[in-house]
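Some notes on the structure that comes next.
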Amino acid sequence: MNTPESDKAEPEHVDFIRQIIADDIASGKNGGKVVTRFPPEPNGYLHIGHAKSICLNFGLAKETGGVCHLRFDDTNPEKEDTEYVESIMDDVRWLGFDWDDNLFYASDYFEQLYDWAVKLIKDGKAYVCDLSTEEVREYRGGWNKEGKDSPNRDRSVEENLDLFTRMKNGEFKDGEKSLRAKIDMNSSNMNLRDPAMYRIRHQHHHRTGDKWCIYPTYDWTHGESDSLEGITHSICTLEFENHRPLYDWYIEALGIHHPQQIEFARLNVTHTLTSKRKLLELVEQGHVTGWDDPRMPTISGMRRRGYPADALRDFCAHTGVTKFNGMTDLALLELYVRGSLNKTANRAMAIIDPLKVVIENYADGESEMRQAKNNPEDEEGGIREMPFGRELYIERADFMEDAPKKFFRLTVGKEVRLKNAFFLKCNEVIKDDAGEIVELRCTYDPETSGGKAPDGRKVKGTIHWVSAEHAVDAEVRLYDVLFENEKAGEIPEGMELKDTLNPKSLEVKQAKVEPSLATAEAGSSFQFERTGYFCVDVKDSSPGKPVFNRTVTLKSGYKPKPAE
RNA sequence: UGCGGGAUCGUCUAAUGGGUAAAGACACGGCACUUUGAAUGCCGCGAUGCCGGUUCGAGUCCGGCUCCCGCUUCCA
């Protein structure tokens, strides 16, 4: 039976974008239809920031009965590749969204864009400019400096048409000429000071091949792509606010459908980098193993780390949509990761830092099976068996020779409960020559098999264990934040990005895990009891030689007093 | 010395044509329960950037100030 795990009725807040859209639907704008789009450039892997945009755009479409397009804004062949196109599609699907037939590429509009550029030339609204990049910059002026007209600004339509055709035909070298919109060289908005529409790049494009040697700029492409697709609400991040007047200018000059652009604040998360450029740097310089390194804030990295898709969706839904540029605590993401995994991940016993325990009153060579619940949160989760014997491993941190009062775990002369087994008492500590504890000599109470003592005596602590004889060796990768600084990617004077990395972002351990874990399925998640959530690495794990990634730790209620 | 956008608990958000004692979540602290020091439940902590104005009444409206972010790519 399904316990109605009531999603505690949180009052649904309507963010300002949803408000605008609700108003538009109510007023019958766009015929009451909603068409959104997620428009990544295929020049890198999607990260947590994109996840928010995906959830917003696809979510909006789902909520309003509209559609959301997936469009690749592939206007710069230099940085783009089909590898990225594929990973992006994988990531969107993994996140739980579907674009159906609505898959588009800006490069499919190159012909149309070219025709429109010709139209603007004919209308006297665009011209071919001979200025170099540096000259254009100089002519553009600055915030408090007037711009200067290009010497080519008043070229005749005929000459512009001729030159533009020759640009297209490859008669000029890269950077030799450009097509610019004729707007206003003194606009207070720099984007309107005759922006470039086309640049010459003799470069292979991942989809159009060598057909073109001139490529439309993003600014000249984006608004019209939205328009062509009948996008009603074009949602983007704050930095494009200043571009809106330019998109509007193009749309009006062309006299085509006018989507409404709405800007919201980009998602920032503590200790997390969301700059594609810097992420690429980490990958290229080998500071991580790849785009899907479990420490990466990429969707593929988080997936490999073991973050469930629903946790990402919950997180995005709960970070809010506003125009305030804030910084969300990573703890919020981890909350949803734990929340999801707590309900779905089976429990297992794994000893990450093993300490041997010998139970002196347990018969040598004997063993027995103990039963354990797979998931106490799930009544249907079932039970499994795990072997128990004379020699066990427990977590080194679960024993302390001189224990403080609040230490509920094992110490000399005191009892703890071995989860799903018996009470255990430590009698003697064995050390090596260096004084390091190597073994604990203990006794158990066979009367406490049910976890309770017939005489009613209580124990304060319950610890996990594995049978030494039956345990399986496993590699366990303990991940921590890539950047210790809350503001990841912030680089102090004289430092480089690599200098700001957390040196302890990965710690590899050889663990002893319960036998059932030997054949755990790649990608599956477990809660290692009292430790954290772990998943079987999809790349490096193999049956009998499991490799686990720590997804996130369990919250720890025990905080040793800092004072001695 | 420009243009555009912002500013509510430590953090992210609510308070939707001015109207209770500014609400929730996270974080933090405490308590209860517990065969996970988890989960769960309960309690606590804690904010309207500043100055003035309008009003019976202002987080919300008006004026001034301060601070933060973005913008001078033939990147997106």
Side-chain angles (χ1 to χ4, degrees), chain A residues 8 10-11 13-16 19 39-41 43 73-76 78-79 129 131-133 136-137 140-145 147 174-180 187-193 195-201 214-215 217-219 221-222 236-245 263 265-268 270 276-277 318-336 338-339 342-343 347 349 372-373 376-377 406-409 416-421 448 450-452 459-464 486 527-532 553-559:
Chain A
K8 48 209 137 176
E10 231 173 279
H13 299 133
V14 179
D15 60 68
F16 81 102
Q19 185 65 254
E41 183 192 14
N43 68 342
D73 271 346
D74 50 355
T75 57
N76 185 2
E78 268 175 84
K79 303 178 181 170
C129 181
L131 258 28
S132 68
T133 313
V136 167
R137 186 170 19 243
R140 182 151 30 228
W143 290 320
N144 290 301
K145 224 170 115 204
D174 285 8
E176 214 169 289
K177 298 210 180 315
S178 65
L179 184 75
R180 300 173 68 185
S187 174
S188 54
N189 183 342
M190 288 298 152
N191 294 125
L192 263 25
R193 316 252 267 222
M197 293 167 63
Y198 274 92
R199 69 290 215 194
I200 300 171
R201 291 277 183 283
I214 57 170
Y215 289 95
T217 60
Y218 172 84
D219 276 343
T221 308
H222 192 79
C236 62
T237 43
L238 253 27
E239 67 267 30
F240 293 105
E241 247 162 352
N242 295 346
H243 294 239
R244 181 162 20 101
E263 308 87 4
R266 179 182 280 284
L267 172 68
N268 296 302
T270 57
K276 264 193 202 174
R277 206 202 83 232
H318 288 258
T319 49
V321 180
T322 66
K323 292 177 89 95
F324 174 65
N325 224 311
M327 169 90 56
T328 300
D329 198 331
L330 218 211
L332 192 67
L333 210 204
E334 295 187 335
L335 172 89
Y336 292 112
R338 291 190 190 100
N342 181 43
K343 294 196 205 91
R347 313 290 127 125
M349 302 251 217
K373 272 188 185 171
E377 300 285 323
K406 289 283 207 168
F407 189 79
F408 301 157
R409 310 172 193 182
V416 287
R417 175 165 39 228
L418 294 171
K419 174 121 182 166
N420 302 128
T448 56
K452 290 194 169 71
V459 291
K460 201 75 170 153
T462 301
I463 64 173
H464 59 290
E486 279 205 348
Q527 184 199 91
F528 288 178
E529 292 206 65
R530 303 207 307 128
T531 307
T553 60
L554 241 36
K555 277 176 63 169
S556 171
Y558 175 62
K559 292 179 186 78

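Throughout, a chain's letter reflects where its sequence line sits, starting with A, and its residues are numbered from 1. Note that the structure is predicted; figures quoted are calculated from it, not measured.
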Under 3.5 Å for both distances, Watson-Crick or G-U wobble, that's the pair rule; now give the dot-bracket for RNA chain B, with | marking pairs to another strand and [ ] for crossing ones. .((((((..((((.....[...)))).(((((.......)))))....(((((..]....))))))))))).....

Please work out if A/Lys419 contacts a base, only the sugar-phosphate, or nothing of the nucleic acid, heavy-atom cut-off 4.0 Å. base

Report which part of the nucleic acid A/Arg193 touches: base, sugar-phosphate, or nothing (heavy-atom distance under 4.0 Å, all strands). nothing

Mark this stacking check for A/Phe408 against B/G37 as yes or no, applying ring centres under 5.5 Å and ring planes under 30°. yes

Would you call A/Glu241 and A/Lys323 a salt bridge, taking side-chain N to carboxylate O under 4.0 Å as the test? yes

Residue from A/Lys419, A/Arg530, A/Met349 passing side-chain contact (heavy atoms from CB on, under 4.5 Å) with A/Ile463: A/Arg530

Base, sugar-phosphate, or nothing for A/Met197, non-hydrogen atoms under 4.0 angstrom? nothing

Using the C1' atoms only, state how far B/G30 lies from B/C69, rounded to an integer number of Å. 39 Å

Once you apply a heavy-atom cut-off of 4.0 Å, does A/Phe407 come out as touching a base, just sugar-phosphate, or nothing? base

Could you go through nucleotides 30-32 of chain B and list every protein N or O atom that sits under 3.5 Å from one of its N or O atoms, giving the distance for each pair?
none

At 4.0 Å (heavy atoms only), tell me whether A/Thr322 reaches a base, stays on the sugar-phosphate, or touches nothing. sugar-phosphate

Would you give a per-nucleotide map of nucleotides 71-76 of chain B, 5' to 3', where B means the base has a protein non-hydrogen atom under 4.0 Å away, S means only the sugar-phosphate does, and - means neither? BBSBSB

Under 3.5 Å, is there any donor-acceptor pair linking the side chain of A/Arg244 to the base of B/G4? no

